[in-house]
Amino acid sequence: MPKISGPQILTANHLLSGEVVFWTGDGWSPDYRDAEVFPEAAEQQAALKMAEAASDVVVGAYLAGVTANDPTPTHFREAIRTRGPTVRNDLGKQAQAQALQER
Amino acid sequence: MYRYDDFDERFVRERVAQFRGQVERRLSGALTEDEFKPLRLMNGLYLQLHAYMLRVAIPYGMLSSHQMRQLAMIADRWDRGYGHFTTRQNIQYNWPQLKDVPDILEALADVEMHAIQTSGNCIRNVTSDPFAGVAADEIEDPRPTAEMLRQWSSLHPEFSFLPRKFKIAITGSPNDRAATRVHDIGLRMVRDADGNPGFEVMVGGGQGRTPMIAKVLRDFVPKQQLIAYLEATMRVYNLHGRRDNKFKARIKILVHELGIEEFTRQVEAEFAAMDLPAVSPDPAEWARIEEAFTPPTYAALPEVSPLFVRAYETIPEFAAWADINLMPHKAQGYAGVTVSLKPIGGIPGDATSDQMRILADAADRFGFGQLRVAHEQNIVLPDVPVNDLPALWRMLAAAGLDTPNRGLITDIIACPGLDYCSLATARSIPIAQSISERFADLKRQREIGPLAIKISGCINACGHHHVGHIGVLGLEKHGQEYYQITLGGTPEGDAAVGVNAGPGLAAEQVPEAIERLVDHYLNERLDGETFLKTYRRLGHDAFKGALYAAG
Ligand code: SF4
């Protein structure tokens with residue numbers, strides 16, 4: 001995992017379902033666009049501590065780098081995680097997004 | 001095949017009940033994640049990139065049609081309608097929900113399967129030759145020994161917390177189709193001067209960060225003493241293997257650091273001190289297990305099947321498939337069939353639940369209900385009457401399971417990589433797909449001949465890139481995926497670890513680079529010379545030059 005610098009979002013997996021989730025500021029969302037961006041290291045560490053304490057809801061929490069004011073992860077690994085397998089567009093979050101569009 | 005006895009049945013059911021309780025306690029908050037994580041891993045449940053992943057053990061790669069149908073049912077009911085067959089002859093489900101896993105394990109137990117010891121620092125599922133028991137070149141069926149190893153290593157109290165994970169591969173044939181020399185312990189059946197069967201025991205092979213070819217520990221161990229001998233080997237490892245550094249904890253490092261002579265001396269001393277009758281399996285148990293592997297009753301079939309000959313002469317697609325995907329069988333009039341899970345542009349090793357059911361039906365109709373998983377991520381129907389091959393082929397073709405490419409350039413091994421795996425540094429599946437598409441032309445594939453491309457999405461080497469004739473390793477630099485090419489690896493007979501060819505390539509450069517290697521080979525090869533032989537004759541630099549030529 002890349003070392004932490006610059007603004008971050010907080011991500012984890014939902015304990016029960018395993019789904020990738022993002023911290024919004026007052027809860028967990030499956031959509032990274034809802035994620036709260038933490039510009040400062042102190043807030044980032046506090047958020048991480050909070051997630052570790054919330055282990056009845058999420059597991060494996062960590063910080064992912066973004067650019068200022070934009071919750072889109074900069075690293076390709078994290079970008080894949082916001083969508084699903086690049087080789088199966090019919091699976092993961094991207095599939096739900098697509099299904100919504102087609103409606 | 002082997003059926004669970006009361007003991008097997010009880011311990012698997014007990015584990016399901018135990019895990020159900022553990023999940024409940026995790027959800028109620030009675031167990032923390034730190035407490036729960038090792039428990040779920042002991043039951044094969046990982047947390048991956050997008051979701052949980054359940055790895056189910058397929059003992060020595062052997063499945064009945066009944067079990068295959070259950071795997072399909074699980075995929076439909078609790079996952080997303082497919083499964084991924086791995087290089088360790090297991091199956092992985094990519095989307096199970098934690099709350100469902102106890103039910104999945106229960107459904108597995110219903111067909112005598114489980115996910116125990118598919119993770120953790122224990123002896124993992126034993127792997128074997130997918131043609132074990134039927135191959136024409138076999139000395140003796142290794143499966144009774146494989147089953148004995150399964151029983152011995154399951155929940156073995158002394159070996160449940162080893163310094164690191166431990167993998168054993170076994171083959172009964174001199175032609176190694178089980179990659180025995182890149183396992184912690186590799187077992188190759190041999191006979192002594194009097195014709196008694198036993199095993200050459202090799203130790204300290206492995207891939208990952210520090211690839212090594214196994215060394216011979218003992219050139220002959222009588223079959224009945226094998227368990228005791230392995231027990232002695234494991235003890236030396238358990239005692240001296242490093243626990244302070246995960247990267248130095250595998251037995252290969254211990255063997256390397258002690259030297260094979262000293263390691264052998266210690267194993268032999270331990271073995272000599274053992275009370276052999278006390279640690280050796282009961283002969284009655286041996287007999288019981290051997291009986292479970294009694295070959296099916298083969299019909300007395302003629303050497304030539306007119307039905308086969310007619311189809312072969314009139315249907316070119318069938319002829320191509322028969323040329324490439326069949327293996328000689330020890331019984332006259334039968335063949336071993338490889339069902340490729342590598343359609344052009346597909347995901348290596350993936351099968352849909354429908355395909356699993358068709359494979360199960362095919363096994364029932366044509367092959368005594370038997371299936372095998374090959375470490376190349378293909379499925380094998382070990383016992384098909386030659387007469388039935390045209391009908392089998394039609395059935396497979398209708399399900400997209402007729403790709404004629406066993407051992408050819410598009411029969412690519414690829415790990416899940418960064419499309420699924422949380423440890424990955426780069427994607428591997430899309431690389432496999434782009435190479436497969438580039439070399440889709442079957443005529444060209446056949447002209448190229450045997451060529452194994454193996455792709456891993458990180459240094460852990462689950463995609464066996466170290467032993468690919470051409471290996472591809474996905475890495476990351478400056479936030480970009482890139483791919484390192486290795487050349488000249490092979491897991492077979494004269495096993496070798498591939499040599500890194502030089503600077504890495506961008507994903508889109510890989511197929512072209514492989515094309516240049518192939519062109520170079522085709523230009524330079526002598527009559528009947530395979531890629532690997534030409535590589536060995538001309539040397540690494542010649543191919544390295546071709547790889548980077550005007551790229
Ligand atoms: S080689 Fe790496 S990326 Fe591929 S499956 Fe293994 S751990 Fe994951």
Side-chain angles (χ1 to χ4, degrees), chain A residues 1-6 11-22 28 30-32 48-67 72-99, chain B residues 23 26-37 40 45-54 79-82 84 93-101 345-348 350 414 416-434 457 476 478-481 507:
Chain A
M1 232 155 281
K3 73 173 197 312
I4 298 164
S5 69
T11 179
N13 291 73
H14 191 253
L15 170 66
L16 257 189
S17 68
E19 173 153 20
V20 172
V21 288
F22 303 89
W28 295 95
D31 191 334
Y32 75 94
L48 202 53
K49 276 227 165 64
M50 175 279 300
E52 278 156 12
S55 76
D56 52 339
V57 185
V58 293
V59 283
Y62 63 93
L63 298 162
V66 296
T67 47
T72 311
T74 47
H75 194 273
F76 61 90
R77 176 189 194 271
E78 299 313 315
I80 291 173
R81 223 165 143 268
T82 64
R83 293 193 292 265
T86 65
V87 293
R88 288 289 304 264
N89 292 331
D90 59 326
L91 295 172
K93 296 177 187 301
Q94 59 201 350
Q96 291 142 24
Q98 211 177 341
Chain B
V23 170
R26 174 70 183 93
L27 297 181
S28 76
L31 286 177
T32 65
E33 183 60 18
D34 285 348
E35 288 162 338
F36 180 68
K37 187 175 169 185
R40 73 166 154 76
L45 188 64
Y46 289 73
L47 188 61
Q48 286 288 32
L49 199 62
H50 309 292
Y52 290 104
M53 179 271 280
L54 183 67
D79 208 83
R80 305 283 166 95
Y82 72 105
H84 176 73
Y93 293 107
N94 291 306
W95 308 92
Q97 302 206 10
L98 178 61
K99 62 183 174 52
D100 295 331
V101 174
I347 298 177
D350 275 14
L418 192 54
D419 281 298
Y420 291 100
C421 178
S422 63
L423 300 174
T425 39
R427 285 172 293 168
S428 41
I429 297 167
I431 304 298
Q433 291 174 311
S434 60
E476 178 197 342
H478 309 309
Q480 300 275 332
E481 294 165 291

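Chain letters run A, B, ... following the sequence lines, proteins first, then strands; residues in each count from 1. Computed from heavy atoms alone, side chains included, the values below leave out hydrogens, waters and symmetry copies. As the structure is a computational prediction, the values presented were derived from the model and not from experiment.
Side chains of A:L91 and B:Y82 form a contact here, defined as non-hydrogen atoms less than 4.5 Å apart. B:E476 places a side-chain heavy atom less than 4.5 Å from the side chain of A:H75.
Both the backbone and the side chain of B:L418 have a heavy atom closer than 4.5 Å to some heavy atom of chain A. For a residue to count as touching a neighbouring chain, one of its non-hydrogen atoms must lie under 4.5 Å from one of that chain's; by this rule B:P416 does not touch chain A.
In plain terms, the two heavy atoms of A:T86 and B:P430 that are nearest each other are OG1-CG, 4.1 Å. Of all heavy-atom pairs spanning B:E481 and A:F76, the tightest one is CG-CE1, 3.2 Å. Among all heavy-atom pairs drawn from B:Y420 and A:P85, the shortest one is CE2-CG, 3.7 Å. The minimum heavy-atom distance between B:S422 and A:R77, with the atom names listed, is O-NH2, 2.9 Å. Heavy atoms only, all atoms of each residue included: B:H50 and A:I80 are closest at CE1-O, 3.4 Å.
Atom CD of B:Q97 sits about 8.5 Å away from atom CD of A:E19, to the nearest 0.5 Å. In this structure, the separation between CD on B:E35 and OG on A:S55 is 9.5 Å, given to the nearest 0.5 Å.
Highest contact tally toward chain A, considering only B:L49, B:T425, B:D419, B:I347, is held by B:D419 [criterion: heavy-atom pairs under 4.5 Å].
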Applying side chain to side chain contact (heavy atoms under 4.5 Å, CB included), run through A:L15 and B:E33 and close with a yes or a no. CA-CA 9 Å; A:L15 170 66; B:E33 183 60 18; 4.2 Å; yes

- Check the pair A:V59 / B:R26 against side chain to side chain contact (heavy atoms under 4.5 Å, CB included), numbers first and verdict last. CA-CA 11 Å; A:V59 283; B:R26 174 70 183 93; 3.5 Å; yes

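In the displayed structure, A:E52 atom CD is contacted under 6.0 Å by more than 12 heavy atoms of other residues, nucleotides or ligands.
B:Y52 places no side-chain N or O within 3.5 Å of a backbone atom of A:L16 that could act as its donor or acceptor partner.
A:D56 pairs by the side chain to side chain donor-acceptor pair (under 3.5 Å) definition with nothing, not counting sequence neighbours.
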